[in-house]
2 protein chains.
Amino acid sequence: MEQRNDSGAATMKDVADAAGVSTATVSRTLMNPEKVSSQTRQKVEQAVLDVGYFPHNLSRNFKRNESKTILVIVPDISDPFFSEVICGIENVAAQEGYLILIGDCKHQQKQEHAFINLIITKQIDGMVLLGSNIPFDASTEEQKNLPPMVMANEFTPELKLPTVHIDNLTSSFNATHYLQKLGHRRIACITGPEDMPLCKYRLEGYKKAMLRTGDKVREDYIIRSDFSHEGGAKATKRLLTMPEPPTAIFCHNDMMALGAMWQAKRMGLKLPSALSVVGFDNLKLSQYSDPPLTTIGQPRFEIGSQAMKLLLDQLQGHNINVGSCLLDADLIIRESAQAPKS
Amino acid sequence: MEQRNDSGAATMKDVADAAGVSTATVSRTLMNPEKVSSQTRQKVEQAVLDVGYFPHNLSRNFKRNESKTILVIVPDISDPFFSEVICGIENVAAQEGYLILIGDCKHQQKQEHAFINLIITKQIDGMVLLGSNIPFDASTEEQKNLPPMVMANEFTPELKLPTVHIDNLTSSFNATHYLQKLGHRRIACITGPEDMPLCKYRLEGYKKAMLRTGDKVREDYIIRSDFSHEGGAKATKRLLTMPEPPTAIFCHNDMMALGAMWQAKRMGLKLPSALSVVGFDNLKLSQYSDPPLTTIGQPRFEIGSQAMKLLLDQLQGHNINVGSCLLDADLIIRESAQAPKS
DNA sequence: TTGTACGCGTTATCAC
DNA sequence: GTGATAACGCGTACAA
């Protein structure tokens, strides 16, 4: 009933007084109820309710020297792809009492002293990297002891981090092969930034499929862009104004695929009859494009939740030598790809 | 050079020893450098570098009984509208050393013990509400002392919170009036959930404009939907199959406007000649719709940054009696609205 | 089984 | 201008 503290919150001392026991007993009751007689346990539990006690996490974390907070580094928070991944992370984190901090690194390679400070000052216990690199300089000596990390979505073998990802090469192969089965030969490809490893794999998958047919890979059909709507549109303009334009374009994410279709329609082409487009990601939006986009479906929520599980394994010291986790991604066939006219 | 601690991090004691002063002096040097002689200041600063000291924020926050963390409650993290608002919040927060925690309440009214616990356990210093309500039961006595809060984007007079918002009524009036000036009389309106106050204002603005013409407001032209693409599409289908369908639709957010255009095209209508559509929000996507969407542009980043500034005023006790902050929103004219054919 | 006593790293309040 | 010292709330050896 009483709250002694001037700050308004009941402390463990208040509970102890109310229950007529010591704070040690209160602490034990809350941490290891089995180490306390059922009598005192009941007394304490009643006292907790009476004084309205809640553990003061600030001091608990301080005492344990852990923050119960995870930093999620995301390349671009406004990219709808990541929001569902974040939900997956958050979901698992919450179950274990972890909070997540979202660090938007805005596709920058380095952000000096922005995130590293959180680590140095002990404000985070671990990190989930949604991009392909650690966005700060981790080379100096005193910064060596980085917290546990996992990588999700992206893939960087050199960093030797536990990783959750899909098989980008195979998925990309499947998408390209699907276009081939429809009868396409002149299949172009719009990929993303060179410094994103997953682009490398998606490109390889594309090339592997193209080589299967016995043809050579036409380098002029491979355009490097930036994963944006605008970038996809620009690249498409270039492709469609070539002397021998492609009959199909495989874009390495949905946003560029939407940009590609937008541009093609702008140039007066009828879709999908005059041009087939396939994307990658399966954004919610993509089912509502005109025509609905055929794309690779990524299990975004699961990518996030699996990543957090791997991180928890490290934090709680269960299975330290967990490797990577490979998730399935299926081709989702809609209407944006059809057999070519000619 | 030395790090005494077993955890690997240098503490203030280490600095004090290295500099030959007391921890009190070290603390003062870092907090109030002017209260220390320049001699000792230099000694201390050198020692800080030597031992590689960084403040241990966990204990600092514990000592000060503040978390330097803000909870941002967002109705739906995957809604692209909010990501830029969050960036605005984050930007200002970071300047003052605050972290932000993102709480996705998934449009639920109440989430028992999900967020309230963060408050009770002193893990947040303040809140920014991006929805129209406090998503937990704050009625019980011990939960009365809620931390400082501000509301952004939405507007709930009863809660008497400092609020950052645009003039939804006027903006909505302007959008409707614009359609009228183009020559439209049969203007329908697709609005959002009844429990969102901003819908009320947008609806009033629409009605005010409609009444201006001397006509009565046709209630069958007002459809209540859910701010989603799908919802906008469904509502549009209903409108367009009416005996006397509207020649223009004003949607109370962009996502529904995109859904409306999608549906209209599906039904074989040519846009914008057969149907004009105006949205509300100016999402990045909206400029790439076909036709590009005419809409109300909300200053999302500024909504966020202003909200955080109001919150800081409360946290730092500057101007406690700050009221609301009204930001401008302009009509962005693109191509989705034109004069009606007939 | 329970209580005493101490420490976590920092800051605030005193003296000097 | 500076240095002891006492908190902050919790968890846990250790003693009883």
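Just so it is clear: chains get the letters A, B, ... in the order the sequence lines come, proteins before strands, and each one is counted from 1. What you see below is based on every heavy atom in this structure, not just the backbone, and it leaves out hydrogens, waters and symmetry mates.
The phosphate of C:dT2 has neither OP1 nor OP2 within less than 4.0 Å of any side-chain N or O from A:Arg28. Side-chain N/O atoms of B:Thr40 include one lying less than 4.0 angstrom from OP1 or OP2 on D:dT2. Applying the 4.0 Å criterion to OP1 and OP2 of D:dG9, one finds that A:Thr11 has every side-chain N and O outside that range.
Atom NZ of A:Lys13 is separated from atom C1' of C:dT4 by 13 Å (rounded to the nearest Å). Atom CD of A:Glu66 and atom P of D:dG11 are 11 Å apart (whole Å). The nearest whole Å value for the distance from the CG atom in A:Asn57 to the C1' atom in D:dC8 is 15 Å. Per the geometry, CG belonging to B:Leu30 stands 12 Å off P belonging to C:dA12, to the nearest Å. Going from atom NZ of B:Lys43 over to atom P of D:dT2 covers 8 Å, rounded to whole Å. As a whole-Å value, the separation of B:Arg64 CZ from C:dA12 P is 7 Å. To the nearest angstrom, C1' of C:dG9 lies 8 Å from OH of B:Tyr53. Between the CG atom of A:Asp17 and the P atom of C:dG3 there is a distance of 12 Å, rounded to whole Å.
Looking at A:Thr121 and A:Gln123, their side chains do bring a donor and an acceptor atom within 3.5 Å of each other. Side-chain contact annotation: A:Asp125 with A:Ser67, donor-acceptor N/O pair under 3.5 Å present.
For A:Met12, counting side-chain heavy atoms from C-beta on, the closest listed nucleotide (C:dA5, C:dT10, D:dC10) is D:dC10. Closest approach to the B:Arg60 side chain among C:dG3, C:dT11, D:dC10 is made by C:dT11 (side chain taken as heavy atoms from C-beta onward). Out of D:dG9, D:dT5, C:dG3, the shortest distance to the side chain of B:Thr23 is found at D:dT5. Of the candidate nucleotides C:dC8, C:dT10, D:dG11, C:dC8 has the atom lying nearest to any side-chain atom of A:Phe62. Of the candidates C:dT13, C:dT10, D:dG11, D:dG11 carries the atom nearest the A:Lys63 side chain, counting heavy atoms from C-beta on. Nearest to the side chain of B:Ser37, among D:dC10, D:dG1, C:dG3, sits D:dG1. Closest approach to the A:Ser27 side chain among D:dT12, D:dA4, C:dT2 is made by D:dT12 (side chain taken as heavy atoms from C-beta onward). You'll find that the side chain of A:Ala24 is closest to C:dT4, out of D:dT2, D:dG11, C:dT4.
Counting non-hydrogen atoms under 4.0 angstrom, A:Val36 reaches the backbone sugars and phosphates but no base.
Atom CD of A:Gln316 is surrounded by more than 12 heavy atoms from other residues, nucleotides or ligands within 6.0 Å.
Atom CE of residue B:Met127 and atom CG of residue B:Leu161 lie 9.5 Å apart, to the nearest 0.5 angstrom.
Residues A:Ile73 and A:Phe115 form a side-chain contact, since some pair of their non-hydrogen atoms from C-beta on lies under 4.5 Å apart.
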